[in-house]
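Everything on this sheet refers to the single structure shown next.
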Amino acid sequence: MLRLYDAPLYRDWAFWNTVGWALLAGISIPATPPTEPSPLPRWLDTLLAIVMMVATFGVVPAWIRLPVRRWRWRRHERQLRETAASQGARAGDAAAPDSTAESRTERQAERPQAEPEPEPGSGRGPGAERPESRSAAPDSRQWSVPSQSARRPVWRSETETGTEGSDPRGNPRDGAERPASSAQLLTHARNALPHPAARAVRMLQQAHTPKDRYEALLDAAETLAITVSVTAAALLQGRVENLPKGRREGHESGLRNLSVLRNAYFGRGATYGTWTTFLRDLQPPAAAHPDWMARLHDALKDEPGGAQGILGHLDALRDERNRAAHGNKPKSQPESAARVAECAPHVESVLEKARFIEDVPWLYTISCVYQRRSRSFDIVADYAMGDHPDFERRTFTWDRPVGNEIFYALGPDGPVPLSPFVAGLFCPQCHQVEVCYAYKVVRGKVVQGNVRGKGTAVFKSFGRGHEIEAPEMTDELRSLPELRKAR
């Protein structure tokens, strides 16, 4: 029932409304003399009155508020997509008159007659700025540099399924239409990426000052690297575990990749460099097994024309993060704006190339019930995609059981557990369950008088970076493949 209220509870008016009605019923009824005799004792009358008042005037309004909030959020997101689509359509329409004007100017230049002098203050003439060049000028209020492809068509809405250029989930296929602007790219990422990455993009859009945008940009870059890496690691682990032991020899590169993560967990911890190294080592197995994770190899490799893959952009953002961590942070707002303008194209390229993880949605399982007649399992799970913290609850029917309260990636071969790389853990500082990723294993240290000789897993929350101990996850991290000659 506490899911109906906002966390922390003391900030939610609906919670205090419920508490107020309970106190009102608990105080007024015993203090009021009865007008009619009752067969029930006074304490039972009071208890029943409290339950009825709390349920009627406290719980029911809070329950009604939840679907209303979800409906308002969906309407808000739909309006944003429609606004972005209309802006892109207007940009495409504005390009056509401009091309006509240019051809007309060329024809007039071929004529022997002289052009009339421009009128004073008319803004027309050989040195005048064309409409599209004025609209393409970068706006200092935006965090990113506008895309050069302003004439490209608008990306279809994710609700349009089965249309040309999109798969049944509404995601564009290779060669399909791309977002026409940076704003559309970010808006789509907020709706289509797994929750940690989508939330980081939202924080990037909501940053106001250049310094805040700079910090949010670096956080979004690292979150994108972690999201892509843990999704690929979970699919790789699921593929290796489902193979018979006699066929695992051909997947030594995959085992070596997983051992890189294991060594990091039991060493200094998983850092930004760990994720970029892991993705770089994924190139050989991704090229050898293209069915393992669709479009992963295309995102990792460099294009023939010289364009970098996702690794080149992540490395550039990692260098900027190391630059800031070693004392070279921007000292002023203009310097922060210059750094943002320099790094923003890399973030946009990462979002473009990371679109393949849209086809591998994250799910947080709630329940799993076996159906005897159909010999299948009905799974209720939260759809952990998009930036909204209240996940949409969906029902699936699978031929295999899953655990409760575990994150899964719905890959091409079915659900694959994201554990032990990702987990939903209770944060003692936030007082709520947070989406966390494995950070490291602390071994042989005394914490609050307890000696942990075998080690305790430590996770970090995607949202605020709080470190959360999870002793129950230590054995899962230890079960990852360990190769002595891993690189």
Side-chain angles (χ1 to χ4, degrees), residues 1-32 42-83 186-187 190-191 194-209 212 215-216 219 362 364-367 380-394 405 407 424-436 461-466 468:
M1 189 178 66
L2 291 178
R3 291 176 60 89
L4 298 175
Y5 302 100
D6 298 337
L9 293 176
Y10 64 84
R11 294 184 178 179
D12 190 4
W13 64 267
F15 171 75
W16 290 113
N17 176 64
T18 305
V19 174
W21 283 108
L23 294 177
L24 180 62
I27 296 175
S28 62
I29 294 179
T32 304
R42 177 62 63 87
W43 67 269
L44 185 56
D45 280 340
T46 304
L47 180 61
L48 293 177
I50 292 175
V51 172
M52 291 298 297
M53 296 287 282
V54 167
T56 305
F57 299 103
V59 177
V60 172
W63 176 79
I64 295 176
R65 182 184 63 170
L66 182 60
V68 170
R69 279 182 170 181
R70 291 177 177 175
W71 172 77
R72 293 180 60 187
W73 179 262
R74 294 191 190 99
R75 186 182 64 174
H76 175 67
E77 292 297 325
R78 184 170 60 252
Q79 291 176 352
L80 288 179
R81 290 194 295 268
E82 292 175 355
T83 302
L186 296 177
T187 301
R190 288 178 56 176
N191 296 326
H195 177 70
R199 182 186 181 278
V201 174
R202 183 190 67 186
M203 300 301 295
L204 180 58
Q205 281 190 309
Q206 293 180 348
H208 297 291
T209 65
D212 292 341
E215 296 292 340
D219 292 341
W362 286 19
Y364 186 70
T365 54
I366 303 299
S367 64
V380 177
D382 288 340
Y383 194 71
M385 303 292 285
D387 63 334
H388 199 282
D390 292 334
F391 300 147
E392 181 182 356
R393 188 154 294 183
R394 298 187 180 184
E405 298 182 351
F407 278 98
L425 302 175
F426 179 79
C427 178
Q429 302 180 50
C430 302
H431 302 287
Q432 62 183 359
V433 177
E434 293 282 344
V435 185
C436 308
S461 63
F462 279 100
R464 295 181 173 87
H466 294 163
I468 305 173

- request: Kindly give the heavy-atom pair with the smallest separation between D390 and L66, and that separation in Å.
  value: OD2-CD1, 4.1 Å
Heavy-atom side-chain contact between R190 and Q205 under 4.5 Å: yes
message: Checking side-chain polar atoms at under 3.5 Å, does N17 have a donor or acceptor matched by the opposite partner on W13?
response: no
- request: Using a 4.5 Å cut-off on heavy atoms from C-beta on, say whether the side chain of Y383 contacts that of R393.
  value: no
- prompt: Atom NE2 of H388 and atom CZ of R69: how far apart are they, to the nearest 0.5 Å?
  reply: 8.0 Å
message: Are M203 and D219 packed together at the side-chain level, in the sense that at least one heavy-atom pair is separated by less than 4.5 angstrom?
response: no
- line: To the nearest 0.5 Å, atom CZ of R394 lies from atom CE of M385 at 9.5 Å
task: Can you see which heavy atom on E434 is nearest to which on S461, and at what distance?
output: CB-CB, 4.0 Å
task: For residues R202 and P389, report the shortest heavy-atom separation together with the two atoms involved.
output: NH1-CD, 4.3 Å
query: How many angstroms lie between atom OG1 of T209 and atom CD of E215, to the nearest 0.5 angstrom?
result: 9.5 Å
- prompt: What's the shortest heavy-atom distance between T18 and V59, and which atoms?
  reply: OG1-N, 4.2 Å
field: Backbone N/O of E405 and side chain of T365: donor-acceptor pair under 3.5 Å
entry: yes
Residue from F407, F462, F391, W362 passing ring pair (Phe, Tyr, Trp, His ring centres under 6.0 Å) with H195: F391
task: Provide the closest heavy-atom pair for A25 versus T46 in the form atom of the first, atom of the second, distance.
output: O-CG2, 4.3 Å
Side chains of Q429 and R464 in contact at under 4.5 Å (non-hydrogen atoms): no
statement: So CG of L186 and CG of N191: to nearest 0.5 Å the spacing works out to 11.0 Å
Minimal non-hydrogen separation, I50 against A22, with atom names: CG1-O, 4.0 Å
